Visitor: 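Sharing a structure below in structure tokens format, with a few things to ask.
These numbers come from a predicted model, not from an experiment.
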Amino acid sequence: WGQKFDEKLRTVHKRNIEKKVARCLTRCNTVKNGMVARSKKYGVECTITVDELRQLALDAYGTPCRYSKRILTIDNMVFDHKIPISKGGASTQDNIQVISKFANTMKGSLSEENFFILLAWLDTLDEELRKDISIRLAGGKR
């Protein structure tokens with residue numbers, strides 16, 4: 001996995017590649033442990049493996065977030081449940097996606113379907129208002 005991440009990260013970053021690769025690998029392990037604990041707490045299935053999380057991260061790395069269009073890197077990417085775990089969404093490969101922290105904070109516990117409705121509504125607003133509301137929904141971070 002280290003070699004796969006190294007190759008991918010070199011297309012996005014110019015320095016500190018080794019540290020970023022190590023962060024990616026560690027993040028996947030940490031996320032897996034957190035998902036196991038949260039899944040148990042909410043009584044939902046948790047079958048996703050560390051290798052599946054690594055593959056999701058590798059596939060998403062350097063691509064735009066599907067919601068915010070921000071380029072995904074180790075500094076801003078998170079693993080998100082399409083159907084929130086708090087609403088019965090399982091920690092399975094088909095329910096996990098990699099998105100930006102900004103989008104994840106905006107999405108909160110909304111289902112993917114409801115988040116798309118919110119984003120569509122935001123798109124009807126003028127740019128300044130849309131940006132202001134999006135930042136407020138994302139906790140005031142740019």
Visitor: For the aromatic rings, using the six-membered ring if either is Trp, is the centroid distance between His13 and Tyr61 under 6.0 Å?
Guide: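 Centroid separation for His13 and Tyr61: below 6.0 Å.
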
Visitor: Going from OG1 on Thr49 to CD on Gln93, what distance comes out if it is rounded to the nearest 0.5 angstrom?
Guide: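 One gets 7.0 Å once the value is rounded to the nearest 0.5 Å.
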
Visitor: Measure from the side-chain N and O atoms of Lys87 to the backbone N and O of Ser109, and report whether any donor-acceptor pair falls under 3.5 Å.
Guide: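 Pair found, side chain donor or acceptor close to backbone of Ser109.
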
Visitor: How many angstroms lie between OG1 in Thr47 and CD in Glu52, if you round to the nearest 0.5 Å?
Guide: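 One gets 6.5 Å once the value is rounded to the nearest 0.5 Å.
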
Visitor: Compare all side-chain heavy atoms of Leu137 with those of Thr105 and state whether any distance is below 4.5 angstrom.
Guide: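 Not touching, per the 4.5 Å side-chain cut-off.
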
Visitor: Say you draw a straight line from NZ of Lys107 to CG of Asn114; how long is it, rounded to the nearest 0.5 Å?
Guide: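 Rounded to the nearest 0.5 Å, the NZ-CG separation comes out at 9.5 Å.
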
Visitor: Please answer whether the main-chain N or O of His81 pairs with a side-chain N or O of Asn95 as donor and acceptor at a distance below 3.5 Å.
Guide: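 The answer is no, because no donor-acceptor pair under 3.5 Å joins these two groups.
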
Visitor: Are the side chains of Ser100 and Tyr67 in contact, using a 4.5 Å heavy-atom criterion?
Guide: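 Side-chain contact under 4.5 Å: no.
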
Visitor: Can you see which heavy atom on Cys24 is nearest to which on Leu9, and at what distance?
Guide: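 The answer is SG-CD2, 4.2 Å.
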
Visitor: Side chains of Arg130 and Ser134, heavy atoms from C-beta outward: is any pair under 4.5 Å?
Guide: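 Yes; the side chains approach each other to less than 4.5 Å.
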
Visitor: Could you tell me which non-hydrogen atom of Lys82 sits nearest to which non-hydrogen atom of Ile96, and how far apart they are?
Guide: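 Taking Lys82 first and Ile96 second, the nearest heavy atoms are CE-O, 4.2 Å.
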
Visitor: Charged N to carboxylate O below 4.0 Å: is that the case for Arg23 and Glu18?
Guide: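 Judged by the 4.0 Å cut-off on N to carboxylate O distance, Arg23 and Glu18 do not form a salt bridge.
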
Visitor: Compare every heavy atom of Ala103 with every heavy atom of Phe115, then report the nearest pair and how far apart it is.
Guide: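 Smallest interatomic distance, heavy atoms only, reads CZ-O, 3.7 Å.
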
Visitor: Quick check against the 3.5 Å criterion: does Arg27 have a side-chain atom that pairs as donor or acceptor with the backbone of Met77?
Guide: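 Between the backbone of Met77 and the side chain of Arg27 there is a qualifying donor-acceptor contact (under 3.5 Å).
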
Visitor: Do any N or O atoms from the side chain of Thr11 and from the backbone of Lys8 form a donor-acceptor pair under 3.5 angstrom?
Guide: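 Such a contact is found between Thr11 side chain and Lys8 backbone.
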
Visitor: Asp59 and Gln55: side-chain donor and acceptor closer than 3.5 Å?
Guide: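 Yes, because at least one side-chain N or O of Asp59 sits under 3.5 Å from a partner of the opposite role on Gln55.
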
Visitor: When you measure from the centre of the six-membered ring of Phe102, is the NZ or CZ of Arg70 closer than 6.0 Å and no more than 45° off the axis?
Guide: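 Yes, a cation-pi geometry holds between Arg70 and Phe102.
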
Visitor: Is it the case that one hydrophobic cluster holds both Ile74 and Val12, taking links as side-chain heavy atoms less than 4.5 Å apart, direct or via other members?
Guide: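 Yes: a chain of side-chain contacts under 4.5 Å links Ile74 to Val12.
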
Visitor: Quick one: does Asn76's side chain have a donor or acceptor within less than 3.5 Å of a partner on Ile71's backbone?
Guide: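 Checking the backbone N and O of Ile71 against the side chain of Asn76, a donor-acceptor pair under 3.5 Å is found.
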
Visitor: A side-chain contact here means heavy atoms from C-beta on lying under 4.5 Å apart; do Ser39 and Ile85 qualify?
Guide: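 Counting from C-beta outward, Ser39 and Ile85 do come under 4.5 Å.
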
Visitor: Answer yes if Leu72 and Leu25 sit in the same cluster of Ile, Leu, Val, Met, Phe, Trp and Tyr residues linked by side chain heavy atoms under 4.5 Å apart, and no otherwise.
Guide: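 Leu72 clusters together with Leu25.
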
Visitor: Does Lys69 reach the main-chain N or O of Pro64 with its side chain, forming a donor-acceptor pair under 3.5 Å?
Guide: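 Absent.
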
Visitor: If hydrophobic clusters are built by linking Ile, Leu, Val, Met, Phe, Trp and Tyr wherever their side-chain heavy atoms come under 4.5 Å apart, do Phe116 and Leu118 end up in the same one?
Guide: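 Same cluster.
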
Visitor: Atom CG of Asp51 and atom CG of Leu58: how far apart are they, to the nearest 0.5 Å?
Guide: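 The CG atom of Asp51 sits 11.5 Å away from the CG atom of Leu58.
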
Visitor: Starting at CD of Glu128, measure out to CD1 of Ile133 and round the result to the nearest 0.5 Å.
Guide: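 Answer rounded to 0.5 Å: 11.0 Å.
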
Visitor: How about Trp1 and Val21: do any of their side-chain heavy atoms sit closer than 4.5 Å?
Guide: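 Trp1 vs Val21: side chains apart.
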
Visitor: Do Glu112 and Asp80 make a side-chain contact, defined as non-hydrogen atoms from C-beta onward lying under 4.5 Å apart?
Guide: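 Counting from C-beta outward, Glu112 and Asp80 never come under 4.5 Å.
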
Visitor: Do you know the tightest heavy-atom contact between Lys32 and Ile48?
Guide: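 Closest approach of Lys32 to Ile48: NZ-O, 2.6 Å.
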
Visitor: Pair Thr92, Asp94 - check side-chain hydrogen bond (donor to acceptor under 3.5 Å, both in side chains), show working.
Guide: CA-CA 6 Å; Thr92 56; Asp94 62 336; 2.6 Å; yes

Visitor: Working note: Asn29 + Arg54, criterion side chain to side chain contact (heavy atoms under 4.5 Å, CB included); need CA distance, chi angles, decisive distance, verdict.
Guide: CA-CA 9 Å; Asn29 290 333; Arg54 287 177 176 169; 3.4 Å; yes

Visitor: Please confirm whether the backbone N or O of Leu129 pairs with a side-chain atom of Asp126, one donor and one acceptor, at under 3.5 Å?
Guide: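 Yes; judged by distance alone, with no hydrogens or angles, the pair exists.
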
Visitor: Is the backbone N or O of Lys4 less than 3.5 Å from a side-chain atom of Glu7, with the two atoms forming a donor-acceptor pair by type?
Guide: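 Not a single qualifying donor-acceptor pair exists.
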
Visitor: Let me see the working for Leu122 and Met106 under side chain to side chain contact (heavy atoms under 4.5 Å, CB included), right down to the final yes or no.
Guide: CA-CA 12 Å; Leu122 285 170; Met106 276 182 64; 3.7 Å; yes

Visitor: Which heavy atom of Val31 sits nearest a heavy atom of Leu53, and at what distance?
Guide: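 Where Val31 meets Leu53 most closely, the heavy atoms are CG1-CD1, 4.1 Å.
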
Visitor: About how many Å separate CZ of Phe5 and SG of Cys28, when rounded to the nearest 0.5 Å?
Guide: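 So the SG of Cys28 and the CZ of Phe5 are separated by 5.0 Å.
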
Visitor: Could you see if Val78 belongs to whatever hydrophobic cluster contains Leu56? Use Ile, Leu, Val, Met, Phe, Trp, Tyr and a side-chain cutoff under 4.5 Å.
Guide: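 Different clusters: Val78 never reaches Leu56 through Ile, Leu, Val, Met, Phe, Trp or Tyr contacts under 4.5 Å.
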
Visitor: What heavy-atom pair brings Ile99 and Cys65 nearest, and what distance separates the two atoms?
Guide: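 So the minimum-distance heavy-atom pair works out to CB-SG, 3.8 Å.
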
Visitor: Could you tell me whether a side-chain N or O of Thr124 sits under 3.5 Å from a main-chain N or O of Trp121, the two making a donor and an acceptor?
Guide: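 At least one qualifying donor-acceptor pair exists.
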
Visitor: Judged by atom type as modelled, is there a donor-acceptor pair below 3.5 Å linking the side chain of Thr63 to the main-chain atoms of Ala60?
Guide: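 Yes, because the side chain of Thr63 sits within donor-acceptor range (under 3.5 Å) of the backbone of Ala60.
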
